[in-house]
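Notes follow once the structure below has been shown.
Every chain is numbered from 1 and lettered A, B, ... according to where its sequence line falls, protein lines coming before strand lines. Quantities reported herein were computed from a predicted structural model and do not represent experimental measurements. Note: hydrogens, waters and symmetry copies are ignored here, and every other heavy atom, side chains too, is used.
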2 protein chains.
Amino acid sequence: MGNTELKKTNQSWSPVRANSVANQIVMQVREALFSGKFQPGDLLGSEKDLAAQFDVSRITVRDALRTLETMGIIEIRVGAGGGARIAEGNLDYFSDALAVQFKLAGVTEREILDMQVAIEGTGAELAALNRSRENLEELTELLEEAESVIDSPADFTDAGQRFHLAVVEASGNRALIAQFRALRYVVWPQNAQRAKREIAENAQKIHRQLFAFIEAQDSEAARKLMIDHLASIRAVSFSGTAEDTANGLICC
Amino acid sequence: MGNTELKKTNQSWSPVRANSVANQIVMQVREALFSGKFQPGDLLGSEKDLAAQFDVSRITVRDALRTLETMGIIEIRVGAGGGARIAEGNLDYFSDALAVQFKLAGVTEREILDMQVAIEGTGAELAALNRSRENLEELTELLEEAESVIDSPADFTDAGQRFHLAVVEASGNRALIAQFRALRYVVWPQNAQRAKREIAENAQKIHRQLFAFIEAQDSEAARKLMIDHLASIRAVSFSGTAEDTANGLICC
DNA sequence: ATGTTCAAATTATTATATCATTATATGAAA
DNA sequence: TTTCATATAATGATATAATAATTTGAACAT
C-alpha cells in the first residue's frame with residue numbers, strides 16, 4: 001500500500017470504490033489541474049516515475065492513467081521522452097461520453113432536438129453579436145460552396161452542416177461550440193443526405209437570410225430564424241412524410 | 001497477443017493508439033451497446049471471464065474496463081456475484097468530464113453564463129409547456145422552503161439552486177437536465193452564498209413570478225423572465241460591486 | 001555541413017503469477 | 001426469522017518479464 005497523500009475533500013463523484021489507490025491518484029491529478037498547478041502540455045512523467053512518486057506499483061499507476069486519459073485530462077505517448085502529459089482540450093472523448101450517456105439514459109430524438117434548438121438558437125444570437133470579419137468571410141465561403149454543390153445531396157448536406165457549425169463558432173463561445181459538436185455527433189446518423197434539389201434551394205435561402213441577420217448584427221432575428229429553421233426540421237423528423245420533405249423544410 | 005475479432009470499422013475516436021488490444025475491446029463493447037446488443041444491468045462478466053473470452057491477459061481486460069468505466073458504459077462491483085455490468089446512465093461522470101474540458105479549453109465564466117442562459121431559458125420554456133402536477137407541487141414546496149430560510153443566506157442559496165434545477169427538470173428533457181447539472185457543477189464555486197436579505201426577497205419574487213408563468217403554461221414569458229433573471233446575475237458577476245449586489249439582482 | 005540510416009535507450013503494452021482486500025452468498029445457530 | 005460466522009468469488013494491488021513502438025543520437029555517406 002502506498003502513501004498517496006490523499007485529500008479526503010473529494011465530492012460529487014463516483015461514490016463506489018472512490019477510495020481505491022488508483023482513484024486517489026486520479027483525484028490528486030484532477031485537483032492539481034483545477035487548482036492551476038498544471039497546464040496543458042505539462043509532463044506528469046512515465047509510468048515508472050509515477051509509480052515511484054506515489055510509491056505504488058506500475059499497474060496501479062496504469063489504472064489511474066487509463067482513467068485520466070479517458071477523462072481527457074492526459075495524453076500518453078510511447079517511446080523516449082514520452083509518458084503522460086496534461087492534454088490540450090480534446091472534445092472527442094467528451095462527445096463520445098455524451099453520446100453514451102444519452103444512449104444509456106434512453107434520451108429520445110425529440111429531447112435532443114430541443115437541446116439543439118437551445119444551443120443553435122443561442123449560437124445564432126451570439127454569432128450576430130460577436131461575429132468577426134473572419135467569421136463573415138468563412139460563412140460566405142461556405143454559402144458559395146453549398147451553392148456550387150446544390151445538386152449533390154451528400155455534398156450539400158455536408159456543406160450545410162459546416163455552415164451551421166460555422167455559425168455557432170462565430171458566437172465565439174467555446175462551451176456552445178463543444179456542445180454543438182457533441183450533439184451533431186449524436187444526431188448525425190438521422191438526418192444525413194436527405195436534401196433533394198428543391199429542399200436544398202430552400203435551405204440555401206434560409207442560410208443566406210441567416211447570414212444577412214448575422215452580418216447586420218440583428219441577434220433577435222437570427223435567433224428566431226434559426227429556431228424556426230430547426231423547428232421545421234423537427235416537424236419533418238417526426239411526421240416523416242414525403243410531402244413534408246418535399247415542402248423543402250429540411251436542410252442538413 | 002489475442003484474437004479479439006476486432007472490426008476495423010471504428011471512427012471518430014482516439015486517433016492515437018487506437019489499435020491497442022485494450023482499445024479494441026473497448027470499441028467492441030461500445031459498438032455492441034449502440035447496436036442494441038446490451039441493456040443497462042446486463043452482465044459482461046468478471047475480469048477472468050473476459051480475459052478468457054477475448055483470449056488476452058487480465059491486465060489488458062483491466063485497461064479496457066477502466067476506460068469503459070470512466071466513459072460511464074459499465075459499472076464494476078467487487079465480490080462474489082460482482083464483475084462488470086452495463087451501467088445505468090450516470091451523469092456525474094459526464095458532468096465531471098465537461099468540467100474538465102472547460103478547464104482545459106480555458107472557457108471563461110462569461111462563456112459558461114451564456115451557455116447557462118441557453119439551457120435554462122429553454123428549460124423554463126419547455127417547463128411551461130410540459131410541467132406535470134407533480135412538478136408544480138415540487139416547485140411550490142421549494143418556494144415555501146426558500147421562504148422559510150430567507151434569512152439564512154446559505155440555506156436560501158441552496159433552496160434557490162434546487163428551484164432552478166426543478167424548473168429544468170419540469171421540462172422533462174433529460175438532455176437539458178444533464179447539461180444543467182454539469183453546468184451547475186462548473187459554476188457552483190462562483191456564486192455560492194451571496195444572498196443577503198433584500199437580495200433573497202427579490203430572488204424569491206422572481207421565482208414566484210416564474211412559477212406563475214410555468215403554471216399558466218406561458219412558455220414565452222417564462223423563458224424571457226428566466227433569461228432576464230440570469231442576465232442580471234451575470235451583470236453582477238462581472239461588475240462585482242457592492243451596489244449591484246445590494247440592488248438585489250442576484251439570487252443563487 | 002547536411003541529410004540518412006541504424007542502433008540503442010526509453011517507454012508503453014501485454015502477459016503470468018501471487019497475494020490482499022472486499023463483497024456476496026451460504027448455512028448454521030439462536 | 002433473524003443473526004452471525006464462514007466460504008467463495010471477484011476486484012485491488014504487487015512483482016517480474018518479455019514485447020512492441022517510438023525517439024534520440026551517433027555513425028555514416030553524400
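- Nearest-nucleotide positions on DNA chain C place A/K48 closer to the 5' end than the other of A/K48 and B/I59.
- What separates CZ of A/R77 from C1' of D/dT23 is a distance of 10 Å, to the nearest Å.
- Between A/R62 and B/D63 a salt bridge is recorded (basic side-chain N to carboxylate O distance below 4.0 Å).
- A/L43 has its CG atom 15 Å from the P atom of C/dT10, to the nearest Å.
- Rounded to whole Å, the distance from CD on A/E75 to C1' on C/dA12 is 15 Å.
- The distance from atom CG of B/L50 to atom C1' of D/dT11 is 12 Å, rounded to the nearest whole Å.
- Comparing B/L65 and A/V61 along DNA chain D, the residue whose closest nucleotide (by nearest heavy atom) sits nearer the 5' end is B/L65.
- At a threshold of 4.0 angstrom between heavy atoms, the contacts of B/E47 are confined to the sugar-phosphate backbone, with no base atom among them.
- At a threshold of 4.0 Å, the pair A/K37-A/E31 does not count as salt-bridged, since none of the basic side-chain nitrogens sits closer than that to a carboxylate oxygen.
- Picking from D/dA13, C/dT11, C/dT14 the nucleotide with the shortest atom distance to the side chain of A/V78 gives C/dT11.
- Salt-bridge formation is detected for the pair B/R181/B/E169: a Lys NZ or Arg NE/NH1/NH2 atom is positioned less than 4.0 Å from an Asp or Glu carboxylate oxygen.
- With rounding to whole Å, A/R85 atom CZ is found 11 Å from D/dT23 atom P.
- For the OP1/OP2 pair of C/dT14 and a distance below 4.0 Å, the side-chain nitrogens and oxygens of B/S57 include no atom meeting the criterion.
- Taking the centre and axis of the six-membered ring of B/F180, the NZ or CZ atom of B/R184 falls outside the cone set by 45° and 6.0 Å.
- The phosphate of C/dA15 (OP1 or OP2) has a side-chain N or O of B/T60 nearer than 4.0 angstrom.
- Using a 30° and 60° split on the angle between ring planes, B/F163 and B/H207 fall in the parallel class, below 30°.
- Both B/G45 and A/G82 lie near DNA chain D, and the one whose nearest nucleotide falls closer to the 5' end is B/G45.
- One can place CD1 of B/I76 at 11 Å from C1' of D/dA10, the figure rounded to the nearest angstrom.
- Taking the side chain of B/S46 as heavy atoms from C-beta on, and the options D/dA13, C/dA15, D/dT11, the nearest nucleotide is D/dT11.
- Note: CZ (A/R58) to P (C/dA15) measures 14 Å, nearest angstrom.
- Side-chain proximity of A/A80 to the nucleotides D/dT23, D/dT11, C/dT14 is greatest for D/dT23.
- Taking side-chain N and O atoms only, A/R66 has no distance below 4.0 Å to OP1 or OP2 of C/dA12.
- Per the geometry, CG belonging to B/D63 stands 14 Å off P belonging to D/dT11, to the nearest Å.
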